[in-house]
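Side chains are part of it too, since the values below use all heavy atoms of this structure and drop only hydrogens, waters and symmetry mates.
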Amino acid sequence: MTLLDTAEAYGPYLNEELVGRAIAGRRDEIVLATKFGTLSHRDEVGKQQAGRGASTNVRQLDSTPESIRVAVEGSLRRLGTDRIDIYYQHRVDPNIPIEETVGALSELIDEGKILHYGLSEAAPDTIRQAHAVRPVTALQTEYSLWSRDPETEILPLLRELSIGFVPYSPLGRGFLTGQLQSVAVLDADDFRRSDPRFAGGNFEANRPVVQAVEHVAAEIDATPAQVALAWLLAQGDGIVPIPGTRRIERVEENVGFDAIELSTEQLDRLSSIEPAVGDRYTDMSAINR
């Protein structure tokens, strides 16, 4: 496991600082990715740092070149590095032409501050427009047995343009692990309590998804999480899932998926699972722009 993925918005800023501590003295052993664009730094234009908890950094979409410049300097400082391997636009800013944003990212590539750039939850037309300015290295979008939307347009386009695919939430926000038996076990401030797929009757309606995964896991003496990740890896080359976890034992469990080989019959059975019920977010307006 060599890819570490974070974002300035996580915390905000705290997760980048944590990753920076973790990679100190080991920077060359990893591929480092972080994201910009969901915090605005316009009030800090001219500064070279984005300080933790600064009141001028507001949570709103902002992919202006000026904000990007402040954001990248802050990320580099917190991560304790002189370059970011993949720098993602966290969400597409509808107020800024994607060509203008990619132009700013190209300058950072030419300066060596970032080595590659990527997009997240971008629509096919946006991906094409960005790619025409400078090739997109990778796209992040939710994809799993829980979320199959990318299969219609996104995956074929990425393969056409030779763009890598980095599925986030590959375990369905924990649902596909089989560990969640009820929404009641979630902490009061857990964002999944307001997730449409966990809310109301959708939680129970989606139980057959994880039950199908559990059946395959029992057949091969694996965990549901490992089966879900193995299925994802079997969907083609260039797919690099990024499961997130808070516990070391879950990290160890997740990396075991690389040794899992699913039969054609098992893959077909998993692929035939009915899609999850409910939207991925309460507000889907920032998705597929």
Can you tell me if Gln60 has over 12 outside heavy atoms packed within less than 6.0 Å of its CD?
yes
Does Val102 belong to the same Ile/Leu/Val/Met/Phe/Trp/Tyr cluster as Leu158, with side-chain heavy atoms less than 4.5 Å apart forming each link?
yes
Got Leu76 and Thr81 here, is their nearest side-chain heavy-atom distance under 4.5 Å?
yes
Hey, quick one: are Val92 and Ile96 part of the same hydrophobic cluster, counting side-chain heavy atoms closer than 4.5 Å, chains of contacts allowed?
no
Does the side chain of Trp231 come under 3.5 Å of the side chain of Ser271 through a donor N or O and an acceptor N or O?
yes
For Tyr10, check ring-ring contact (aromatic ring centres under 6.0 Å, His included) against everything at least two apart and list the hits.
His90
How many angstroms lie between atom CZ of Arg27 and atom CZ of Arg83, to the nearest 0.5 angstrom?
4.0 Å
Shortest non-hydrogen separation from Val227 to Leu262 and the atoms involved:
O-CD1, 4.0 Å
Test of understanding: with ring-ring contact (aromatic ring centres under 6.0 Å, His included), list the residues that count as partners of Tyr87, not counting sequence neighbours.
Phe36
Would you say the side chains of Ser75 and Glu8 form a donor-acceptor pair under 3.5 Å?
no
Is the side chain of Arg193 donor-acceptor paired with the backbone N or O of Asp187 at a distance under 3.5 Å, no angle test?
yes
Compute both the distance and the angle, then confirm whether Arg59 meets the cation-pi test with Tyr13: under 6.0 Å from the six-membered ring centre, within 45 degrees of the axis.
no
To check you understand the geometry: which heavy-atom pair defines the closest contact between Ser169 and Arg173, and what is its length?
OG-NH1, 3.5 Å
Go through it in stages, so that I can follow the logic: the residues are Val72 and Ile84, the test is side chain to side chain contact (heavy atoms under 4.5 Å, CB included), and I'd like the CA-CA distance, side-chain angles, deciding distance and then a yes or no.
CA-CA 9 Å; Val72 74; Ile84 295 164; 4.1 Å; yes
More than 12 heavy atoms of other residues, nucleotides or ligands under 6.0 Å from CD of Glu261: yes or no?
no
Search all heavy atoms of Leu39 against all heavy atoms of Ala9 and return the closest pair with its distance.
CD1-CA, 4.0 Å
Indicate yes or no: does Lys113 engage Glu73 in a salt bridge with an N to O separation below 4.0 Å.
yes
Residue pair Leu61 / Thr38, side-chain heavy-atom distance below 4.5 Å:
yes
Non-hydrogen side-chain atoms of Gln226 and Ile220 separated by less than 4.5 Å
no
Are the side chains of Leu161 and Val136 in contact, using a 4.5 Å heavy-atom criterion?
no
Could you tell me if the side chain of Ile154 sits less than 4.5 Å from the side chain of Leu139, heavy atoms only?
yes
Hey, could you give me the CZ/OG distance between Arg42 and Ser40, rounded to the nearest 0.5 Å?
5.0 Å
I'd like to check Val210 versus Leu180 (side-chain heavy atoms, cut-off strictly below 4.5 Å). Are they in contact?
no
Can Asp237 and Arg159 be counted as an ion pair, charged N to O under 4.0 angstrom?
no
Quick check: does any side chain N or O of Arg128 sit under 3.5 Å from a backbone N or O of Leu157, one acting as donor and the other as acceptor?
no
Let me know which of Glu142, Arg289, Met284, Gln89 forms a side-chain contact (heavy atoms from CB on, under 4.5 Å) with Glu121.
Glu142
Whether the side chain of Thr101 engages the backbone of Ser63 through a donor-acceptor N/O pair (distance < 3.5 Å, no angle test) should be reported.
yes
Have Ser147 and Arg197 got a donor and an acceptor in their side chains that come within less than 3.5 Å?
yes
Please report the shortest heavy-atom distance between Phe198 and Phe203, naming the atom on each side.
O-CB, 3.6 Å
Side-chain heavy atoms of Thr152 within contact of Asp149, under 4.5 Å
no
Can you check whether Thr282's main-chain N or O pairs, donor with acceptor, with Ser194's side chain at less than 3.5 Å?
no
Step-by-step side chain to side chain contact (heavy atoms under 4.5 Å, CB included) determination, Arg134 to Asp110
CA-CA 12 Å; Arg134 189 157 191 154; Asp110 294 339; 3.1 Å; yes
Taking all atoms of both residues into account, what is the closest heavy-atom pair of Pro208 and Glu204, and its distance?
CD-O, 3.7 Å
With a 3.5 Å distance limit and no angle check, can you tell me whether Asn206 reaches the backbone of Asn202 through a side-chain donor-acceptor pair?
yes
For Asp221, is the CG atom crowded, meaning more than 12 foreign heavy atoms sit under 6.0 Å from it?
no
Apply the test side chain to side chain contact (heavy atoms under 4.5 Å, CB included) to residues Tyr117 and Leu108: give CA-CA distance (whole Å), side-chain angles for both, the deciding distance (0.1 Å), then the verdict.
CA-CA 10 Å; Tyr117 84 94; Leu108 296 178; over 6 Å; no
Among Val255, Asp258, Asn254, exactly one meets side-chain contact (heavy atoms from CB on, under 4.5 Å) together with Met1. Which residue is that?
Val255
Distance-minimising heavy-atom pair for Ile239 and Leu232:
CD1-O, 3.9 Å
Is the CZ atom of Arg21 crowded by more than 12 outside heavy atoms at less than 6.0 Å?
no
Taking the side chain from Glu100 and the backbone from Pro97, do they hold a donor-acceptor pair closer than 3.5 Å?
no
Quick one: does Ser182's side chain have a donor or acceptor within less than 3.5 Å of a partner on Val185's backbone?
no
I need the Thr64 OG1 to Asp62 CG distance, nearest 0.5 Å.
3.5 Å
With a cut-off of 6.0 Å (strictly less than), are more than 12 heavy atoms of other residues, nucleotides or ligands near CD of Glu274?
no
Test log, rule side chain to side chain contact (heavy atoms under 4.5 Å, CB included), inputs Leu155 and Tyr143:
CA-CA 10 Å; Leu155 268 173; Tyr143 182 43; 3.8 Å; yes
Short N-O contact, Arg250 and Glu253, less than 4.0 angstrom:
yes
Distance-only polar pair, side chains of Arg91 and Ser120, donor-acceptor under 3.5 Å:
yes
With a 4.5 Å cut-off on side-chain heavy atoms, are Leu171 and Thr245 touching?
no
Using the ring-ring contact (aromatic ring centres under 6.0 Å, His included) criterion, which residues pair with Tyr168? Sequence neighbours excluded.
none
Side chain Thr6, main chain Thr34, donor-acceptor under 3.5 Å:
no
Could you state the interatomic distance from CG (Leu4) to CD1 (Ile86), rounded to the nearest 0.5 Å?
11.5 Å
hydrophobic_cluster_shared for Val133 and Ile68, side chain cutoff 4.5 Å
yes
Just by modelled atom types, is the Gly174 backbone N or O under 3.5 Å from a matching donor or acceptor in the Thr177 side chain?
yes
Ignoring hydrogens and angles, tell me if any N or O in the side chain of Gln181 forms a donor-acceptor pair with the backbone of Gly178 under 3.5 Å.
yes
Is it the case that one hydrophobic cluster holds both Leu186 and Phe175, taking links as side-chain heavy atoms less than 4.5 Å apart, direct or via other members?
yes
Return the OG1 to CG distance between Thr2 and Asp28, rounded to the nearest 0.5 Å.
12.5 Å
Check this for me, if you would: do Arg192 and Asp190 make a salt bridge, where the nitrogen-to-carboxylate-oxygen distance has to be below 4.0 angstrom?
yes
In this structure, would Ile109 and Ile127 fall into the same cluster of hydrophobic residues linked by side-chain contacts under 4.5 Å?
yes
